[in-house]
Amino acid sequence: MSTHSIPKGTRDFNAIEMARRNYIFDTIRSVFKLYGYVPIETPAMENLSTLLGKYGDEGDKLLFKVINSGDYLGGVDEKVLVAKDSARLLKDISEKGLRYDLTVPFARFVVQHRNEVVFPFKRYQIQPVWRADRPQKGRYREFYQCDVDVIGTASLLNEVELVRITDEIFTRLGIKVLVKMNNRKILSGIAEIIGEADKIIDITVAIDKLDKIGIDGVNKELSEKGLSESTIDKLQPILNLGGSNREKLEKLKVVLTSSAIGIKGIEEITTIFAYLDHLGLSTQVQLDLTLARGLNYYTGAIIEVKAKDVEMGSISGGGRYDDLTGIFGMPGVSGVGISFGADRIYDVLNELNLFPSETEQATKVMVANFGDKEEIAGLKFLQTLQQSGIPSEMFPEPSKMKKQFGYADSKKIPYIVIIGSNEVESGIFQLKNMLTGEQELLSPEKIIEKLK
RNA sequence: GUGAUCGUAGCUCAGUCGGUUAGAGCGUCAGAUUGUGGAUCUGAAGGUCGCGGGUUCGAGCCCCGUCUUUCACCCCA
């Protein structure tokens with residue numbers, strides 16, 4: 001066993017895996033482009049001041065911090081070192097961190113380039129992010145997110161567009177999904193009417209687990225978070241809400257009638273569903289009041305996508321944030337976006353065997369190498385093949401045919417062109433079909449025509 | 001961060017109660033009439049048994065630590 005390996009939660013990708021990953025990225029990217037989004041990229045590292053405090057306490061813990069270069073301990077106060085106060089020491093020895101998601105760097109980007117971007121700004125971004133989480137199923141420390149966001153417009157048409165994009169992408173990939181939608185304003189309204197507005201985060205995190213731990217588990221957790229018996233009682237009708245999306249909203253309207261913000265949330269989501277009704281998407285969109293999402297910058301719609309046929313965390317998630325840029329000094333700009341988790345989508349496609357087989361083939365024809373002047377003839381023909389746009393390669397050494405054919409075989413190259421001394425003399429080459437074993441003498445032009 | 005779990009050849013795995021030189025299959029490489037692959041046959045190479053310490057006459061096997069894998073919790077794509 002080699003002593004060299006890679007950090008926990010990171011992975012190498014071989015050629016087959018890359019072909020499959022690129023299939024996912026290409027699919028997602030082409031849909032993003034189709035809907036009018038433009039790409040940007042931001043650095044792997046951001047200043048810690050940009051990152052800290054945006055993802056909640058838990059998020060801060062999961063941020064990879066980058067230690068300062070050089071003598072990073074040199075200027076540190078001895079008292080701080082002796083005290084072993086990690087949080088305090090961190091400020092002195094680290095000022096950068098690896099990005100945790102693409103949304104916060106995007107907000108920073110928008111603020112920093114506010115004079116260059118035209119609003120509404122529709123951007124997509126496909127890059128890796130890092131989280132110092134403990135790896136497990138569907139969870140990595142380095143993984144790719146594919147984000148689409150529109151910023152600078154409060155129109156709910158954007159939420160509708162995100163659902164359409166989601167529908168389009170998963171339809172193309174062949175994954176059956178359930179889109180769950182909720183609205184933070186509804187959650188705020190609920191917290192308000194039960195008189196616990198400041199406990200909104202605790203409440204949402206608890207009811208988010210309804211699926212997993214059941215109603216009793218949720219109630220227990222709420223009680224542990226310091227909610228009184230009577231407050232928890234008030235929550236029960238909301239937790240037990242059933243029926244269609246429309247029915248749920250009707251009932252909720254009654255419950256939240258005294259909460260202005262709650263009513264606003266209901267109006268928003270009702271509007272979105274009304275738009276969606278006109279479109280007839282194949283993907284099911286469900287109002288899920290237990291959907292909370294921990295990220296505390298969301299203020300309106302919250303969206304989460306789950307694969308129907310695989311046991312796995314969400315494969316996409318997003319929502320509206322009214323004031324993310326405000327933290328960076330540019331208030332009043334509303335944005336909404338969704339992130340597709342490429343690595344989890346990979347795991348889903350893999351588990352369901354949904355990768356198309358043609359994603360694996362690369363080289364279409366290999367020119368066998370006979371050395372000497374045959375090799376020169378082969379090289380020239382290789383050049384012609386490539387100029388004609390045919391993915392091709394020549395074996396780099398005049399090895400035995402057994403070895404050269406074996407190479408083509410293991411690389412699943414479907415054709416071999418044989419240019420030996422006879423062929424150089426006649427100018428007519430052998431084209432061998434590796435699948436059927438058939439072989440025919442053809443002019444170079446005919447070969448190209450056939451392979452194109 | 002908490003609790004489990006895994007680690008033996010490139011890969012998948014055997015390895016008895018602690019006993020002498022650690023095995024198999026697949027793969028790789030080399031051959032089986034030098035211009036033809038997949039199949040078959042022959043042969044070869046390949047191991048600090050994750051790493052470090054301990055117990056023992058003796059450790060792949062037992063104990064401790066550590067790293068990694070997988071899984072659950074927390075949280076999340």
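Protein chains get the first letters and strands the later ones, always in sequence-line order, with residue 1 at the start of each.
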Quick check on [X]: does its [atom1] atom have over 12 non-hydrogen neighbours (other residues, nucleotides or ligands) under 6.0 Å away?
X	atom1	answer
Asp57(A)	CG	no
Met312(A)	CE	yes
Lys450(A)	NZ	no
Lys220(A)	NZ	no
Phe13(A)	CZ	yes
Glu224(A)	CD	yes
Lys176(A)	NZ	no

Rounded to the nearest Å, what distance is computed from the [atom1] atom of residue [X] to the [atom2] atom of nucleotide [N]?
X	N	atom1	atom2	result
Tyr297(A)	rC75(B)	OH	P	17 Å
Arg11(A)	rA77(B)	CZ	C1'	11 Å
Arg99(A)	rA77(B)	CZ	P	15 Å
Phe64(A)	rC75(B)	CZ	P	19 Å
Asp101(A)	rC75(B)	CG	C1'	14 Å
Lys180(A)	rC76(B)	NZ	C1'	14 Å
Lys8(A)	rG50(B)	NZ	P	18 Å
Leu431(A)	rG37(B)	CG	P	17 Å

Between [N] and [M], how many Å separate the two [atom1] atoms, rounded to a whole number?
N	M	atom1	value
rA24(B)	rC51(B)	C1'	27 Å
rC61(B)	rU42(B)	P	35 Å
rC49(B)	rG18(B)	C1'	15 Å
rA14(B)	rC57(B)	C1'	28 Å
rU56(B)	rC63(B)	P	16 Å
rC6(B)	rG43(B)	C1'	36 Å
rU2(B)	rC75(B)	C1'	13 Å
rU20(B)	rU12(B)	P	27 Å

Ring centroid separation [X] to [Y] under 6.0 Å:
X	Y	answer
Phe32(A)	Tyr124(A)	yes
Phe170(A)	Phe340(A)	yes
Tyr100(A)	Phe64(A)	no

Could you go through Tyr346(A) and Phe355(A), starting from their C-alpha distance and side-chain angles, then the distance that decides it, and tell me whether this counts as ring pair (Phe, Tyr, Trp, His ring centres under 6.0 Å)?
CA-CA 9 Å; Tyr346(A) 182 100; Phe355(A) 282 110; 5.2 Å; yes

[X] side chain to [Y] side chain, donor-acceptor N/O pair below 3.5 angstrom:
X	Y	answer
Asp347(A)	Tyr140(A)	yes
Gln236(A)	Asn219(A)	yes
Thr10(A)	Glu142(A)	no
Asn68(A)	Ser94(A)	no

List in chain and number order the residues that pass side-chain hydrogen bond (donor to acceptor under 3.5 Å, both in side chains) with Glu268(A), two or more places apart in sequence or in another chain; answer none if no residue qualifies.
Asn183(A), Lys185(A), Lys264(A)

Dot-bracket encoding per residue of RNA chain B, Watson-Crick/G-U cut-off under 3.5 Å, | denoting interstrand
((((..(..((((.....[...)))).(((((.......))))).....(((((..]....))))))..))))....

Look at all strands and tell whether Gly9(A) reaches a base, only sugar-phosphate, or nothing, counting heavy atoms closer than 4.0 Å.
sugar-phosphate

Under 4.0 angstrom, heavy atoms only, what part of the nucleic acid is Gly437(A) near: base, sugar-phosphate, or nothing?
base

Pull out every protein N or O sitting under 3.5 Å from an N or O of nucleotides 70-74 of chain B, one pair per line with the distance.
| from | atom 1 | to | atom 2 | distance (Å) |
| --- | --- | --- | --- | --- |
| rC71(B) | OP2 | Lys137(A) | N | 2.7 |
| rA72(B) | OP2 | Gln136(A) | OE1 | 2.6 |
| rC73(B) | OP1 | Lys212(A) | NZ | 3.4 |
| rC74(B) | N4 | Gln136(A) | NE2 | 3.4 |
| rC74(B) | N4 | Arg139(A) | NH1 | 2.4 |
| rC74(B) | N4 | Arg139(A) | NH2 | 3.4 |

Is it possible for you to check whether Arg123(A) lies under 6.0 Å from the centre of the six-membered ring of Phe106(A), through NZ or CZ, and within 45° of that ring's axis?
yes

Between the protein and nucleotides 25-29 of chain B, list every N/O to N/O distance that falls short of 3.5 Å.
none

Within residues 36-50 of chain A: residues closer than 4.0 Å to RNA chain B (heavy atoms)
none

Short N/O separations, protein against nucleotides 33-35 of chain B, under 3.5 angstrom:
| from | atom 1 | to | atom 2 | distance (Å) |
| --- | --- | --- | --- | --- |
| rG35(B) | O6 | Ser421(A) | N | 3.4 |
| rG35(B) | O6 | Asn422(A) | N | 3.1 |
| rG35(B) | O6 | Asn422(A) | ND2 | 3.0 |
| rG35(B) | O6 | Glu423(A) | OE1 | 3.3 |
| rG35(B) | N1 | Glu423(A) | OE1 | 2.8 |
| rG35(B) | N1 | Glu423(A) | OE2 | 3.0 |
| rG35(B) | N2 | Glu423(A) | OE2 | 2.8 |

Would you find a donor on one side and an acceptor on the other, under 3.5 Å apart, between the side chain of Lys65(A) and the backbone of Lys96(A)?
no

Side-chain N,O (Lys402(A)) to OP1/OP2 (rG37(B)) below 4.0 Å:
no

Assess whether one donor atom and one acceptor atom, taken from the side chain of Lys432(A) and the base of rU36(B), lie less than 3.5 Å apart.
yes

